[in-house]
J.: 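Starting off with a structure, shown below.
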Amino acid sequence: MSPPDAPEGHDGPAVNVAVIYYSSTGTVAQLAQLIADAAEHAGADVRLRRATELAPQAAIDSNPAWAANAAATADILEAVPEDMLWADAVIFGSPTRFGNVTSQLKQYIDTLGGLWQQGRLADKVYSGFTATATRHGGQESTLLALYQTVHHFGGILIAPGYTDPAKFTDGNPYGTSHVGGPDTPLDDDARAAAAIQARRVVKFTRALKSGLSATD
């Protein structure tokens with residue numbers, strides 16, 4: 001991690017944050033945008049990127065919300081391995097699929113084997129967020145499954161924990177999450193959680209870069 005000058009109004013080195021997500025019907029896409037905006041407001045340079053869609057067009061077209069989200073997010077660049085190299089911190093987002101990460105985000109992660117083998121994914125900050133259609137629908141297991149990958153990367157996991165009074169309201173220490181589908185707008189709890197997580201990631205990424213530059 002190189003220590004460029006910090007943005008005006010923020011102490012310490014500047015940080016690059018990549019928000020890389022997959023979303024079918026749009027809930028995770030909305031969370032991703034909230035997290036990206038909050039990280040930018042905290043002084044980070046942010047890349048918002050979406051995982052490549054793997055589902056056939058017929059499946060997408062069969063679900064109006066899925067088709068609408070695909071159209072609405074078509075201008076967001078697809079994630080590539082270079083985004084990982086650019087980033088000091090990566091915040092992954094995925095809806096849950098049977099208590100696990102979606103195949104679309106997993107496919108992107110699986111393209112990173114070469115960078116992992118070279119050690120180029122280590123010593124970065126990582127965090128995650130998710131959404132489910134039902135309560136207890138696998139939010140925690142999805143984030144924990146995602147974080148297994150972070151350990152293999154040699155990454156530094158920064159979860160929100162119960163570090164803010166608002167976290168006792170949304171109740172998920174592992175990462176931002178939301179219960180609902182395209183007809184259930186993000187509530188204030190999810191919005192607050194997204195901001196808390198983004199600020200925490202930027203804070204500790206900046207601190208890490210400051211510490212590493214001091215030992216160079």
Side-chain angles (χ1 to χ4, degrees), residues 17-37 39 46-87 90-116 121 126-150 152-153 155 172 174-187 190-191 193-194 197:
V17 176
V19 181
I20 298 175
Y21 75 94
Y22 173 73
S23 181
S24 54
T25 57
T27 301
V28 172
Q30 293 177 55
L31 287 173
Q33 187 66 64
L34 286 173
I35 288 172
D37 290 346
V46 178
R47 287 186 183 182
L48 179 63
R49 298 291 188 265
R50 59 184 175 87
T52 301
E53 181 61 79
L54 303 178
Q57 191 63 45
I60 298 170
D61 293 340
S62 70
N63 184 327
W66 197 350
N69 179 61
T73 59
D75 60 336
I76 297 176
L77 296 177
E78 293 182 348
V80 295
E82 192 276 332
D83 294 318
M84 300 291 294
L85 296 178
W86 170 85
V90 181
I91 309 177
F92 286 120
S94 171
T96 183
R97 291 294 183 267
F98 307 110
N100 214 320
V101 177
T102 59
S103 59
Q104 288 87 346
L105 183 62
K106 186 62 165 58
Q107 192 273 342
Y108 171 72
I109 291 172
D110 286 348
T111 68
L112 305 175
L115 297 181
W116 162 78
L121 303 180
Y126 294 90
S127 201
F129 58 100
T130 189
T132 57
T134 60
R135 291 189 181 278
H136 311 296
Q139 293 182 351
E140 293 181 358
S141 63
T142 296
L143 291 173
L144 290 172
L146 174 64
Y147 294 161
Q148 291 178 35
T149 298
V150 173
H152 281 256
F153 285 172
N172 190 341
Y174 302 99
T176 300
S177 60
H178 178 67
V179 178
D183 298 325
T184 308
L186 297 181
D187 57 21
R191 293 177 181 278
Q197 184 168 13

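Nothing here was measured: the structure is a model prediction, and the numbers come from that model.
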J.: Can you measure from CG (Asn100) to CG (Leu143) and round to the nearest 0.5 angstrom?
T.: 11.0 Å
J.: Out of curiosity, Glu53 CD to Ser103 OG, how far, rounded to the nearest 0.5 Å?
T.: 8.0 Å
J.: Yes or no on side chain to side chain contact (heavy atoms under 4.5 Å, CB included) for Trp116 and Met84, after CA distance, side-chain angles and deciding distance?
T.: CA-CA 10 Å; Trp116 162 78; Met84 300 291 294; over 6 Å; no
J.: Carefully, step by step, assess Leu146 and Ile109 under the rule side chain to side chain contact (heavy atoms under 4.5 Å, CB included).
T.: CA-CA 10 Å; Leu146 174 64; Ile109 291 172; 4.0 Å; yes
J.: Identify the two heavy atoms, one from Thr102 and one from Arg97, that lie closest to each other, and give their separation to 0.1 Å.
T.: CG2-CG, 3.5 Å
J.: Where do Ala55 and Gln104 come nearest, in terms of heavy atoms and distance?
T.: N-NE2, 4.1 Å
J.: Under a 3.5 Å distance rule, please check whether Thr176 uses its side chain to pair with a backbone N or O of Phe129 as donor and acceptor.
T.: no
J.: Working to the nearest 0.5 angstrom, can you tell me the gap between Leu115 CG and Leu85 CG?
T.: 5.0 Å
J.: Tell me whether Gln197 contacts the main-chain N or O of Gly128 through its side chain, where contact means a donor paired with an acceptor under 3.5 Å.
T.: yes
J.: Between atom NZ of Lys106 and atom OG of Ser94, what is the distance when rounded to the nearest 0.5 Å?
T.: 11.5 Å
J.: Taking all non-hydrogen atoms of both residues, which atom of Ile60 and which atom of Ala70 are closest, and how far apart?
T.: CG2-CB, 4.3 Å
J.: Can you tell me how far CG of Leu105 sits from OG of Ser23, rounded to the nearest 0.5 angstrom?
T.: 11.5 Å
J.: How are the rings of Phe153 and Tyr126 set relative to one another: parallel (under 30°), tilted (30 to 60°) or perpendicular (over 60°)?
T.: tilted
J.: Can a side-chain donor-acceptor contact be found between Thr132 and Thr96 if the only test is distance below 3.5 angstrom?
T.: no
J.: In the structure I gave you, are the side-chain heavy atoms of Pro95 and Thr27 within less than 4.5 Å of one another anywhere?
T.: no
J.: Shortest non-hydrogen contact from Ala39 to Val17?
T.: CB-CG1, 4.4 Å
J.: What's the shortest heavy-atom distance between Val101 and Thr142, and which atoms?
T.: CG2-O, 3.9 Å
J.: Do NZ/NE/NH1/NH2 and the carboxylate oxygens of Arg47 and Glu82 come within less than 4.0 Å?
T.: yes
J.: Side chain of Asn172, backbone of Gln139: donor and acceptor closer than 3.5 Å?
T.: no
J.: Taking atom CZ of Phe92 and atom OH of Tyr147, what is their separation to the nearest 0.5 Å?
T.: 11.0 Å
J.: Applying side chain to side chain contact (heavy atoms under 4.5 Å, CB included) to Arg50 and Tyr22, what does each step give before you reach the verdict?
T.: CA-CA 6 Å; Arg50 59 184 175 87; Tyr22 173 73; over 6 Å; no
J.: Pick out which of Val80, Val90, Leu77, Val19 makes a side chain to side chain contact (heavy atoms under 4.5 Å, CB included) with Arg49.
T.: Leu77
J.: Could you list the donor-acceptor pairs under 3.5 angstrom formed between side-chain atoms of residues 29-36 and any protein atom two or more places apart in sequence or on another chain?
T.:
residue: Gln33; atom: NE2; partner: Asp37; partner atom: OD1; Å: 2.9

J.: How far apart are the closest heavy atoms of Gly99 and Ser141, and which atoms are they?
T.: O-OG, 2.9 Å
